[in-house]
Amino acid sequence: MTQNSLLQISNLHAEVEGQAILRGIDLTIKAGEVHAIMGPNASGKSTLAHVLAGRPGFEVTQGEILYQGKDLLAMPPEERARHGLFLGFQYPVEIPGVSNVYLLKAAVNAMRKQRGLPELDAMDFLERVSERMVELGISKDLLYRSVNEGFSGGEKKRNEILQMSVLEPQLAILDEIDSGLDIDALRVVANSVNALRSEDRAIVMVTHYQRLLAYIKPDYVHVLFQGRIVKSGGPELAEALEEKGYGWVCQAGDVTSGEIA
Amino acid sequence: MNAVESYQTLYHQLAGQLPGHNVAWVRAMREASLLRLKELGFPNHKQEAWKYTQLQTLEKELYQPIPVQRTNISDEEWQQLPLASLDASRLVFVDGHFSRAMSDMDALPPGVLISELSSLLNSKTNQPLAMFQNSRLAEDAIHALNDAFITDGAAINILADVQVVKPIHLQYISTAQDKVASYSRNIFIMEPNSRAQVIESHVALGEGKYVNNVQTDIHLAAGAQLEHYKLQLEGRAGLHFSATQVEQAQASHYQNHLFAFGSQLMRNELKLKLNGEQATCLLNGLFLAQGSQHLDMQTQIDHRSPACTSRETYRGIADEHGHGVFDGKVKVHPGAQLSDARVTSNNLLLSQGGEIDTKPQLEIFANDVKCSHGATIGQLDEDVLFYLCSRGIDKATARNLMLFAFASHNIELCPLEDIKGAARELLLKHLHNGDQLQESLR
């Protein structure tokens, strides 16, 4: 609860279609940190990511979230984004008719406007994007194609990371960014995420598998189960999970707040 | 006096001012059409083709042609009009009257014969008669009124093997005064293997409740190709009635690209007859019905010969209390084997008060054909909306972006780049807060 916490989640409860999914999450993230949120299927990991981004239909019933000291829940999704919160989607949507380059440019300029910066001109913008594309091994024609339309699973994920690296968010939340990636693509994506690590930003990775964490080493690992964080620790926690499985920390009906580290 | 009688009386008052009043066949045609009007009466909603569109206003109010009001408009006004700077051969009509001063028909290439219809109607030769003889008997009151009151229009004849490079632009300007009607008739004759692009744009300089009634007859000889574009940008209280009939000979190709953003009420009919083998056509339409706009698109494609191909794709958006209608019929006649037809109607219904009625229909009387149709009515995808917002784009802009993307499908089908640009710009201009999107698209 120190001054420099970027994100502070307290007693967060949320439901989707009347069903309680998050049941009391407490989590504090400071700038410069990388957190991994792990857990078995249906534990609420993705819900947490979407609540942070402000997805309609995900209703917060209790608790609060402070982001950069402000009430995050009071902001519409676009405002959260403009304040540097980025969600990398597990299933990025296809948007026929909207080109990738347009989306990127609109997003960058929305952010710059928020910060009182002038809009990037086309040349500067393209230069900035091209560099990132080379790093991510994304072919140039992808820029002028409709957002995610006809992209392979891997291309969609790289495209999310491309957006992230161009937008340079303060808080990046990556929802199962490793799913659907082969090992080479995973390495490339991990490099881009690692390149973004810095003192003034934080990264939250939502993942089912430990595999990703071999490439992007987290400072903290949290295990989510039945809508609560049941265990927190350092990177060694992820290794222990890999060895022993989720059953080791997650036993139905065995959740008490006392277990939160 | 009922409405039909009122129009008959009006005709007798105006007859001396209408073009061709000294030419016997023209007078005979006008008088015959008044009888036809009496026979037909005004359509009502009990007729299948008029189920969704009411015409009471034509019966309640007498809309009438007026003499020439303006022979010129200022440069400033002109620049406000769509395609103002398009390099084109241009015919301009104001309230249905041809304006020589505003038109530009210099340097027509050889083999391109264009003239205003009024001069043909006034000519004593029988040449224009032949054109009208091919024209159909009026099927409804709107057409009959047009026959009776034709003021002017474009007569375009492209000779065999001539490929017209510059588009031909027909600019119809309404001064949009209350109860004024203009009646235009266009005749396009494309001789074998000729090729041209014709653009119609319909605009208003005012806000009154007026009628713009345009009937067009098109003949494509063997191998002829016509790209026909239309921008419907009538005034917000304007009534736009249009019917186009196309006759296609062997291996001819016709494209119709329609963008309907204006008017209070629009009824657009397109009837194609694929008479010769391997004739092909593409009907592409986009309409945006907002406020209390009522936009009714009626199309019929008759496959009358073997191995013809037709493609039709219409997209509509209804918002607020807007009402869009699409009725797309394809008829495959006996013997028209190997016909290949596809009709698609996709629509977005954005409000509780809006309405979309869509009815693609196939009537097939041949057994070896490939025909399909499909229609959808949906809303904006919430997941896409959220995705865009999660990238910092505000909701209104995200929504407009999605509408723009939806409409791009039709805009991109236009071969003519200038039309694509104009259609994009006009769409943004007509969407609420579209200017914000325009800014960010730059």
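Within every chain, numbering begins at 1; the chains are lettered A, B, ... in the order of the sequence lines, protein sequences first and strands thereafter.
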Open item on the list: Name the residue from B/Val384, B/Leu401, B/Asp381 that meets the side-chain contact (heavy atoms from CB on, under 4.5 Å) definition with A/Ile95.
Closed with: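 The side-chain contact (heavy atoms from CB on, under 4.5 Å) with A/Ile95 is passed solely by B/Val384 among B/Val384, B/Leu401, B/Asp381.
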Side-chain contact, heavy-atom cut-off 4.5 Å: [X] with [Y]?
X: B/Ile393; Y: A/Leu103; answer: yes
X: B/Asp383; Y: A/Tyr91; answer: no
X: B/Tyr387; Y: A/Leu87; answer: no
X: A/Val98; Y: B/Phe404; answer: no

Looking at [X], I'd like to know if its [atom1] atom is crowded, meaning that more than 12 non-hydrogen atoms belonging to other residues, nucleotides or ligands lie closer than 6.0 Å.
X: B/His253; atom1: NE2; answer: yes
X: B/Arg236; atom1: CZ; answer: no
X: B/Gln79; atom1: CD; answer: yes
X: B/Arg342; atom1: CZ; answer: no

Task: With A/Tyr67 via ring pair (Phe, Tyr, Trp, His ring centres under 6.0 Å) - residues at least two apart - done: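 Applying ring pair (Phe, Tyr, Trp, His ring centres under 6.0 Å) to A/Tyr67 gives none.
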[X] versus chain B, heavy atoms under 4.5 Å apart: side chain, backbone, both or neither?
X: A/Val108; value: neither
X: A/Arg55; value: both
X: A/Asp121; value: neither

Task: Residue among B/Gly392, B/Ser408, B/Ala405 with most heavy-atom pairs under 4.5 Å to chain A - done: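 Top option by heavy-atom pairs under 4.5 Å: B/Gly392.
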Open item on the list: Test ring pair (Phe, Tyr, Trp, His ring centres under 6.0 Å) on A/Phe89 and B/Phe386; report intermediate values, then the result.
Closed with: CA-CA 11 Å; A/Phe89 284 68; B/Phe386 172 61; 5.8 Å; yes
Task: Close contacts, residues 159-173 of chain A versus chain B, judged by heavy atoms under 4.5 Å - done: A/Glu160, A/Gln163, A/Leu167
TODO: Give the member of A/Ala110, A/Pro92, A/Gly97 that has the highest number of heavy-atom pairs under 4.5 Å with chain B.
DONE: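 Option with the greatest count: A/Gly97.
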Open item on the list: I need the A/Glu78 CD to B/Leu388 CG distance, nearest 0.5 Å.
Closed with: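 Reported value, rounded in 0.5 Å steps: 10.5 Å.
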Task: For the student: nearest non-hydrogen atoms of B/Arg391 and A/Ala81, plus distance - done: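 Shortest heavy-atom contact: C-CB, 3.9 Å.
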